[in-house]
Each structure stands twice: as structure tokens, then as C-alpha cells.
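Right, one structure below, let's go through it.
Chain naming here is simple, since letters A, B, ... match the order of the sequence lines and numbering starts at 1 in each. Computation of the quantities below employed the complete heavy-atom set of this structure, encompassing side-chain atoms and omitting hydrogens, waters and symmetry-equivalent molecules.
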Amino acid sequence: MREVDRHVVALEVNGEHAELLLPVHKTLLEVLREDMQLTGTKHGCELGECGTCTVLVDGKPELSCLLLPVQIEGRAITTIEGMAKGSDLHPLQQAFAELGAAQCGYCTPGILLAAKSLLESDPQPTRDGIREALAGNLCRCTGYSKILDAVELAGDRMMSSPPRGVAQSAGGDEEL
Amino acid sequence: MGASNNGFSVIGKPLPKPDAVSKVTGRAIYADDMLPARTLHCRILRSPHPHARIVSIDTSAARRMPGVQAVITGADLPIKFGILPVTQDERALEHEKVRYVGDPIAAVAAVDEEIAASACDAISVEYEVLEPVMSIDEALVETKDERIQDYGGPNNIHKLVALEFGDVDAGFARADHTREDVFFFQGNTHLPMEQHSAVATFVDGRVTLWSSTQVVHYVHRALAKVLELPMNRIRVIGAAHGGGFGGKTDPFAHEIIVSKLAMLTGRPVKCTLTREEVFYAHRGRHPVLMWVRTGVTKDGRITAMHFRSALDGGAYGSYGVASTFYTGALQTVTYDIPAYRFEGCRVFTNKPPCGPKRGHGTPQPRFALELHLEKIAHDIGLDPVELKQRNFVKPMTRTVNWLRVTSCGLEECTERVLNASGFRKREKKRGHGMGFAISSYLSGAGTAIYWNDMPHSEVQIKVDRGGVTAYCGAMDIGQGSDSVLAAIVAEELGIQPADVRLVTADTDTTPIDLGSYSSRVTFMAGNAAIQAARKMREMLVEAAAAKMGAPVEAVAVGGGRIGDFSFEDASILAEARFGTLTSAGSYTPPKIAGPYKGSGVGPSPAYSYSACVVDLDADPRTGLVHLNKVWIAHDVGRAINPLLVEGQVEGSVYMGLGEALMEEQEFRKGLHKWPSMLEYKSPTFLDMPEVETFIVETVDPEGPYGAKEAGQGPLLPVIPAVSSAVFDALGVWIDEIPVTPEKIVEALRRKEKGEAARFGPARFPSIPYPACIKVEPPAKELDRAAPASI
């Protein structure tokens with residue numbers, strides 16, 4: 001058995017500060033899921049190929065399977081658990097739920113975060129602009145159509161009204 | 001678009017899924033998200049050889065490693081299992097011989113995954129390497145070493161099928177034109193975003209397994225058999241599901257292994273496959289070589305068809321016997337073929353086992369059939385669409401191979417996509433093409449995987465002080481089966497889907513549903529839910545009527561009210577009157593299989609129909625294809641939730657495009673050439689064109705509110721439509737899937753040299769098919785009053 005070098009690493013995840021004693025080779029993906037119980041971040045390949053494990057670092061999408069926590073100490077990490085404000089869904093989450101943009105839902109957290117970053121830099125992206133921004137995220141269920149629709153809808157809503165929380169209901173009672 | 005909700009309050013509405021919020025907030029718990037206290041991590045040692053005898057396994061070094069809690073080999077799990085009763089040929093761990101790279105040999109449970117992996121490395125296995133069999137051609141001849149499996153044969157043939165319906169020779173004799181073609185469809189895999197994962201516990205003498213599976217019931221059965229425990233000591237729960245597409249429809253070795261390790265260690269044990277292991281676990285699309293000969297009259301009416309298939313099955317049976325029959329079953333469900341001969345063959349090879357992928361065994365023959373008919377139309381100077389339309393099956397008929405067709409929206413689907421795409425008026429321009437194809441698929445297999453007379457799906461409903469809970473074994477794999485259950489129960493009880501609590505896919509608490517395969521859940525669980533909900537409604541109505549002093553006919557149900565009462569008050573009245581409020585419903589498909597051996601594959605209580613037009617540009621210089629747009633119409637009978645139907649249709653189109661243009665697997669010396677998500681090409685956001693979807697509603701006489709399937713059928717026409725569009729663009733036939741740039745360029749080169757303007761297989765091998773079982777065709781028209789009667 002090899003000796004494992006461990007370091008104390010300070011991480012800022014979803015606005016919360018955490019200090020963890022971690023083997024240096026453990027990826028951010030593993031640390032989020034296994035040490036911080038933030039299992040909303042999923043894994044599809046652990047080789048940086050599928051985009052499933054996308055998180056935001058200082059607002060920009062990064063693949064958590066390719067990052068080591070020591071690389072990003074002190075930077076703001078956002079996972080899917082940090083996307084809603086309390087029980088109020090982010091407009092992207094609301095639009096994904098309404099339009100059926102999540103089928104199995106496994107790629108959804110990574111795509112939502114990548115889309116959040118996109119809309120923050122370009123609130124009204126073209127459809128091709130959305131495709132370009134999300135091209136690193138694979139989805140096997142939806143054929144991408146409803147995801148594109150949902151990002152457009154969320155962008156429109158965020159433009160027409162200042163970002164504010166929407167009640168955390170997918171609207172099961174109302175006709176949409 | 002196009003869905004209606006006449007007279008319904010919930011059915012036909014585009015409602016979000018019941019679990020939509022948990023999925024967009026990262027709170028849905030998939031199997032690998034579970035980490036019960038004291039969980040041990042399991043890794044599996046797999047064979048590095050495609051074909052070898054195991055001489056010895058030494059696990060002593062692994063057992064001594066700190067942190068290792070248990071090491072097991074095939075001696076611990078010797079009992080064989082398999083999804084089909086006729087092919088119980090797998091072991092969770094193999095200790096006699098390995099048959100593909102990736103065959104499991106030993107498993108370790110350790111305190112963390114790294115230690116488990118190191119311990120696997122410390123296991124030493126001595127092999128006697130055998131000659132591998134890597135292709136259909138090699139499997140058909142005698143090999144130097146022993147056969148892969150000790151059943152089937154001759155040589156490495158697994159299964160041979162030969163059926164003849166009607167007088168095929170006479171049909172060919174009266175044809176004005178006959179044509180033969182050979183096609184090949186390369187194998188590909190499901191590539192779910194979620195790797196397979198399972199967690200087991202052993203508490204109070206009971207095994208509980210949470211798994212990423214499509215079939216909790218069949219996993220339950222396999223565990224009982226291999227672990228030698230009564231089924232009542234085993235509980236299988238479907239965790240939130242990260243995508244299946246048929247790839248999680250077999251009981252898998254890792255599910256049995258973690259259960260055994262939990263029994264041995266008394267601790268929870270988890271195993272999550274790596275992405276590379278998922279490629280080797282496979283059970284995906286069979287590579288299929290096909291030969292087809294069809295006779296037509298000069299006005300394009302089919303007089304006879306003879307179809308041969310050869311499936312490269314990989315190392316084990318899996319669903320392969322069913323897959324083999326499926327390559328010959330559904331040709332007749334779209335085209336009226338008065339005489340039909342089918343000869344099928346599946347071989348074993350030293351590759352990961354193939355099984356069911358979306359469309360199970362039917363995308364390959366659908367590709368061949370659609371292109372073949374188009375070529376015949378060109379031969380006789382007829383418009384291909386016209387030739388196909390002249391042969392369309394009609395509703396309420398029975399095919400020559402005894403399949404019962406009830407509702408059928410082929411004509412309407414065809415018109416919708418042709419009109420919307422402007423297909424008939426398309427501009428002829430080199431490098432730009434449009435292709436058209438149609439298809440059909442089952443709404444659930446009409447027979448169970450193991451023979452029994454029990455229902456295929458059951459639903460229970462409990463109403464308790466206004467709270468409604470529906471219980472069903474159905475597994476929501478993302479397709480929306482939970483939505484269907486909630487919508488139906490809500491519709492019948494006059495409440496909203498969000499008011500219905502769902503308990504699904506748990507063998508302890510839910511009545512059976514056979515699983516999410518063969519597009520069966522909406523049709524079967526849907527009908528069971530209607531029956532259960534109507535019984536519950538009767539009790540609520542009767543109690544309300546008694547209190548109102550009115551006849552039951554006067555009690556309106558809807559808008560959260562039962563007659564004069566709120567739903568909650570009515571439920572209190574009913575509970576006081578009847579005691580505990582429970583109801584149950586079940587669904588058993590009609591017995592409609594034909595009177596011949598092998599008739600169990602193909603019958604379905606209803607068939608969906610699809611039509612598709614693909615518009616693309618194909619560059620004659622590079623062979624690169626750029627997809628412009630896809631139009632697809634799908635006859636779903638009735639859309640219970642049009643939003644989800646569209647999602648299934650669009651997802652099917654996507655998966656079909658991936659198979660048509662890029663997805664394939666090849667093996668070199670038994671190793672997968674591309675076992676990663678980067679190298680195994682699948683369409684990204686940038687590859688996917690716009691899709692225009694038309695929902696066609698034919699209101700099936702036996703479907704729930706008339707509904708049929710949507711999850712698989714729409715994939716089928718996309719693949720031939722792509723190849724047809726390439727022909728339209730460049731005048732060369734690509735008779736082999738995937739349609740890659742290399743193949744297009746090579747076909748153009750051959751055309752320039754004056755050779756046949758095609759790329760595809762040159763020949764079909766000689767296969768020792770047995771004499772055909774001859775089957776008399778049934779009467780063609782169904783008895784409309786009693787369509788189920790034969």
C-alpha cells in the first residue's frame with residue numbers, strides 16, 4: 001500500500017466555507033460527492049469527456065473530474081445544490097422542469113450550471129450560441145431540443161423581469 | 001403539437017413530471033449517490049482475454065491486504081442465471097472459463113474503492129488461452145479450440161430460426177420483378193450517462209438491493225436463484241435512473257456480487273461500474289448481416305418476401321433468442337406481405353454480449369427493408385413513397401405471420417411529414433438530399449419473458465383521509481412512467497397529478513410490473529391504473545351518493561370534488577362506509593400469438609407507427625454529412641402527456657441519428673476499440689438538427705384512453721431515412737450502418753469507376769438453416785366486435 005499525502009484544503013462551496021483533510025490526488029468531483037455529500041454533481045466518465053460533472057468556479061463552467069481541490073482554494077465553487085435560492089428555483093431550473101428538459105435527469109445538473117454561466121455572460125444567446133456553449137455536455141435522453149427551448153425560455157424570463165425567485169413548484173396544478 | 005384533450009382534465013395536458021424539481025435541483029438519489037453508514041466498496045476483476053480456460057485463481061494476497069473485507073470468486077456464486085429461461089448461461093463470477101474481455105472473475109469488498117482496486121490487481125489468475133471467435137464468418141465454421149458455449153451449434157451458432165407463412169414460392173412465381181439485396185448494420189451501444197451502480201444491504205436476514213435497473217422484477221428473480229434465497233427475503237428497489245435505453249434490462253453480475261458481499265460482510269456494499277466497464281457490460285445493438293429478396297407486381301404490390309438475418313451475439317445468450325426473432329417479426333406490420341419466409345441465425349463470438357437496445361432487433365431489418373423497397377421502386381420506375389404507400393397495412397387486420405394490427409396511423413404519419421417537409425417538391429441538387437422512411441413498434445411484448453398466466457402489470461391505490469397513494473412496480477427510467485401513473489389516477493379520481501403520491505419499482509411494497517422494456521409500461525401499467533382508479537372512484541361515489549341521498553349517476557367527479565363533497569370529505573365518508581380504502585387493477589395482454597413455435601415474439605396489444613423525413617447536405621469531396629432538419633410523425637394512439645411524448649420522440653430521433661451516422665463498436669483482439677465517451681462518437685448539441693414533431697392520435701381500442709408507445713418506435717425510421725437522403729444527395733447507396741464519410745467517398749469512387757454505386761456487404765454467408773416451419777396464414781380481416789379472437 002502506498003502512502004497517501006494528505007493536505008488540509010479550504011474550499012468555498014455554494015457560499016459555505018469548509019476545511020477538509022484530503023488526499024492530494026482526490027478530484028474535486030470525488031470530494032464534492034464523497035466528503036461533502038453534495039451528490040447532485042454527477043459523473044459520466046471521470047475523464048473530462050462528457051460534461052456531466054460540470055460545476056462553476058468563479059462563475060465559469062469547469063469539469064470537476066479534472067480539478068484537484070488544491071488548484072481552486074479560495075475560489076467560489078457553485079454546484080447544483082447552490083443554484084436555487086432556498087426553495088426558490090433559478091429560472092433555468094424552473095424552465096427545465098416545465099418544458100421536460102430533464103428526462104433521466106443525470107446530465108441535468110451539469111447542463112444547468114453551464115447554461116447559468118452562459119446566460120450570465122450573454123442573457124439573450126442565439127440558439128446556435130446555446131449549442132456552442134453546451135457542446136461539451138452530452139445528453140442521451142432528450143435529443144437536446146427541449147434543453148435549447150428551456151434555456152431560451154429562461155433567458156427571456158430573466159430579461160423581462162429582474163432575477164427573482166419563483167416558487168419551488170413545477171406547476172403541477174396549473175396548465176402551463 | 002397535434003395532441004388533444006377532449007373531455008379530459010389531465011390526460012392530454014403537457015404537465016411537468018412529478019420528480020421534475022428533484023431532478024433540476026440535484027436531489028434525485030441515483031444508486032451511486034447512496035452511501036449508507038459503513039458502506040464497503042466493491043471492484044470486480046475482469047478477464048483480459050477474449051477466450052480462455054481458467055486454470056487457477058489465487059486470491060490469498062488480496063485477502064491479506066489491510067482494508068479488504070471479503071474476496072469472492074465463481075466458487076461462491078456457481079449458479080447460472082440469464083434473462084431468458086432458455087439461456088441460463090451466465091455466472092456472476094466465472095471460475096471455469098472466460099468468454100469475452102471483461103467477463104467477471106473475482107470481486108473484492110474493501111473500505112474504499114482504491115483498496116478494492118489494488119486488491120483486484122493482487123489476485124493472480126492462470127489462464128489457458130483459447131482461440132477467439134471474433135466474427136459471424138468465424139463463428140459459422142469449425143474452430144481450432146473448443147466452442148464458446150456448450151449449447152447451440154453447429155460450431156458457434158447459438159440459434160437458428162426458419163419460418164414460412166403462406167406460399168412464398170408461388171408469391172415469387174407471380175411477381176413481375178424480384179430483387180435481392182444485402183445489408184449490414186454495425187453494432188452500437190446504449191451509452192447511458194449514468195454508469196450502472198448497485199448498493200446492497202443484508203439486515204435481519206434480508207437482502208435489499210438498490211440498483212440502476214430497468215427491471216426490478218427480473219433482478220429479483222435472478223438474485224433469488226443465484227443466492228438461493230426465497231424471493232420474500234430479497235427486496236429490489238429501483239433507484240433514480242440515469243438512463244437505460246435497454247442497457248439495464250438484464251440482471252447483471254455486479255447486482256448479484258454486491259448482494260453476496262453484503263451477506264458475507266454484514267455491511268452495505270456498493271459497486272459502480274467505470275465507464276470502460278459499461279462498454280464491456282454492453283447488451284447493446286447486435287451487429288446484423290441481412291439478405292432480403294422481394295417480389296413485386298409491375299404496379300409495385302409485394303407478392304412475397306424472403307428475409308435472412310445473421311446476428312453477431314457476443315459471448316452469452318442475454319435476450320438474443322428474442323432479438324433473433326425480432327429481426328424477422330415486424331416487417332409485416334408495416335407492409336402487407338402476402339407470403340413471407342424468415343430465416344434467422346444468432347452466433348456466439350468472444351465479444352461482450354449483445355441484447356436489447358431501443359427498438360430491440362428491429363432497427364436493423366427496418367433499415368434493410370426501407371432501402372430495399374426504395375431500390376425496387378427505382379427498378380420498376382415507381383416513386384418509392386408511392387410503392388410503400390401501396391403496400392401499407394390497414395387497421396384492423398392480421399398479418400401473414402399472425403400479428404394483430406388494430407389502430408394504425410401510417411397514412412396520416414406519412415402525409416404529415418411529407419407535407420411539412422415539402423418532400424415531394426424538393427429541389428434536385430447534387431449534395432443536398434431528403435430521405436423518407438416509415439416504421440412500427442410494439443406497445444409492449446404480448447408474452448412474458450418467462451411463461452406464466454399472471455398479469456404483466458398491477459397497480460394498487462390507497463386513499464387515506466384524502467391522501468391518494470398509487471403503488472406500481474413500474475420503473476421510471478426517465479421516460480415518464482411515473483407521470484403516466486399519476487395522470488391516470490388523477491384523471492379518474494378528479495384530482496391533480498401533484499395530489500397523487502407514487503410508490504414505484506420496489507418489490508417489497510409495490511405489486512408487479514415486469515419492467516421498462518418493450519415499450520410496455522404506458523399500455524400495461526396504464527390500463528392497470530385505470531382499472532384500480534375506477535374501482536376506487538366507485539367507492540367514493542357510492543359513499544357520496546348515500547350521504548347526498550342521490551343516485552350514483554348524479555355524483556359528478558372532478559375539480560377535486562366528488563358530488564357535493566371535497567375529495568377529502570368524500571374519502572372520509574367512504575372510509576367510514578367501507579373501511580380501509582384500497583383498490584387494485586391489473587393488466588394481462590390478450591392471447592393473440594399465432595399457432596406456431598416462435599409466435600411469442602412479435603405479438604403486441606397494439607403497434608405504434610412512425611414516419612420520418614431527413615434533410616441533409618452530403619459533401620461529395622469529403623463524404624461529410626450535415627443534418628439540416630428532421631420531420632417526424634408518430635402515431636402514439638393518444639398522448640397522455642404530449643410534452644413527454646415529444647421528449648420521447650425527439651430523443652428517439654437523436655439516438656437514431658447517432659446510430660445512422662457515427663455510433664459503432666469494433667473490437668481488436670477482443671478489446672473494444674473505443675471504450676470511452678470521447679472516442680465512441682455520439683451526437684453533441686452541435687450535431688443535432690432541429691426536429692419538428694407531429695403527434696398523431698389514432699385512439700387505440702385497447703390502450704389506456706387509446707394510448708400506445710412512444711419511447712422506441714420513433715427511432716426506427718430515422719436510420720433508413722438518413723441513408724436514403726444520402727442517396728438522394730449523391731446517387732450512391734450506403735447499405736451499411738453507420739453511414740460514415742469514408743463509406744460515402746468509397747461509394748462515389750466506385751461509381752466513378754463504373755462499379756456498383758454502393759457501399760455495403762457483397763455477400764451473405766451460407767448458414768445451415770433448418771427446413772422452414774410452414775404456417776398457414778390467418779384470415780386477414782379482424783372481427784371488429786372482438787379483435788382479440790383468433
Side-chain angles (χ1 to χ4, degrees), chain A residues 1 33-34 37-50 52 79-81 83-84 89 92-94 96-109 112 127 130-148 168-173 175-176, chain B residues 13-30 32-33 35 65-67 115 118 190-195 240-245 274-275 477-480 496-499 643-644 646-648 650-655 676-678 682-686 688 690-691:
Chain A
M1 295 292 292
R33 289 179 53 82
E34 295 165 16
Q37 288 78 51
L38 294 169
T39 54
T41 303
K42 307 300 180 200
H43 54 83
C45 67
E46 301 184 47
L47 294 168
E49 298 173 349
C50 69
T52 304
T79 70
I80 188 67
E81 288 88 350
M83 200 164 163
L89 297 179
L92 275 163
Q93 292 173 307
Q94 181 68 22
F96 271 57
E98 283 176 24
L99 297 187
Q103 284 188 24
C104 85
Y106 199 80
C107 70
T108 306
L112 279 169
R127 215 162 159 89
I130 302 170
R131 287 191 172 97
E132 193 71 47
L134 300 181
N137 292 75
L138 294 177
C139 166
R140 291 290 279 174
C141 290
T142 60
Y144 304 114
S145 304
K146 300 248 178 281
I147 296 175
L148 292 169
Q168 185 164 339
S169 148
D173 292 359
E175 187 152 15
L176 296 163
Chain B
K13 279 192 181 178
L15 297 173
K17 298 167 144 198
D19 59 355
V21 171
S22 68
K23 283 186 170 166
V24 300
T25 52
R27 287 200 300 245
I29 304 298
Y30 299 80
D32 191 48
D33 299 338
L35 197 67
M65 288 173 70
I115 292 173
S118 302
H190 320 85
L191 199 76
M193 294 310 296
E194 176 205 32
Q195 300 101 316
H241 202 280
F245 317 110
T274 64
R275 178 53 63 183
I477 59 171
Q479 88 280 43
Q496 290 297 320
D499 298 330
L643 188 66
L644 270 53
E646 281 175 14
Q648 288 303 300
E650 289 161 3
S652 294
V653 169
Y654 153 86
M655 199 161 272
S676 78
M677 295 181 99
L678 186 66
S682 67
T684 70
F685 270 95
L686 297 174
M688 190 63 194
E690 291 293 326
V691 178

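Of the possible donor and acceptor atoms, none in the side chain of A:R140 sits under 3.5 Å from a partner among the backbone N and O of B:F245. In this structure a side-chain-to-backbone donor-acceptor pair under 3.5 Å is missing from A:Y144 to B:Y654. The main-chain N or O of A:Q103 is found under 3.5 Å from a side-chain atom of B:K23 such that the two form a donor-acceptor pair.
Rounding to the nearest 0.5 angstrom, the gap separating the CD atom in A:E46 from the OG1 atom in B:T274 is 8.5 Å. Atom CG in A:L47 sits 7.0 Å away from atom OG in B:S676 (nearest 0.5 Å). Put simply, OG1 on A:T39 and CD1 on B:I29 are 4.5 Å apart, with the number rounded to the nearest 0.5 Å.
Residue B:D32 touches chain A through both its backbone and its side chain, counting heavy-atom pairs closer than 4.5 Å. Looking at A:I147, the atoms closer than 4.5 Å to chain B (heavy atoms on both sides) all sit in the side chain, from C-beta outward. Of the atoms belonging to B:M655, it is side-chain heavy atoms, and not backbone ones, that fall under 4.5 Å from chain A. Proximity to chain A (any heavy atom under 4.5 Å) is shown, for B:L644, by neither the backbone nor the side chain. With a 4.5 angstrom heavy-atom cutoff, A:T142 touches chain B only via backbone atoms. In this structure, chain A has heavy atoms under 4.5 Å from both the backbone and the side chain of B:P683. If you measure heavy-atom distances from A:L112 to chain B, the contacts under 4.5 Å come from the side chain alone.
Listed options B:L678, B:D19, B:D33 were ranked by heavy-atom pairs under 4.5 angstrom with chain A; first place goes to B:D33. Note: B:E194 leads B:E194, B:M688, B:H241 in heavy-atom pairs under 4.5 Å with chain A. Interface summary for chain B: among A:R131, A:E132, A:Q37, the most heavy-atom pairs under 4.5 angstrom belong to A:R131. With respect to chain A, the highest number of heavy-atom pairs below 4.5 Å among B:R275, B:E650, B:Q648, B:Q479 belongs to B:E650. Your options are A:G143, A:S145, A:G40, and the one with the most heavy-atom pairs under 4.5 Å with chain B is A:G143.
When all heavy atoms are compared, the tightest approach of B:L643 to A:G100 is CD2-N, 3.9 Å. Taking both residues in full, the closest heavy atoms of B:V24 and A:A102 are given as CG1-CB, 4.5 Å, listed atom of the first, atom of the second, then distance. Pairing each heavy atom of A:L134 with each of B:F685, the nearest pair is O-CD1, 3.1 Å. Of all heavy-atom pairs between A:C104 and B:G242, the closest is SG-C, 3.3 Å.
Every side chain to side chain contact (heavy atoms under 4.5 Å, CB included) that A:T52 has, sequence neighbours left out, goes to A:K42, A:C50, A:Y106, B:M193. The side chain to side chain contact (heavy atoms under 4.5 Å, CB included) check on B:A240 picks up B:A28, B:Y30, with sequence neighbours excluded.
Within the 4.5 Å cutoff, the side chain of B:L35 has no heavy atoms near those of the A:E34 side chain.
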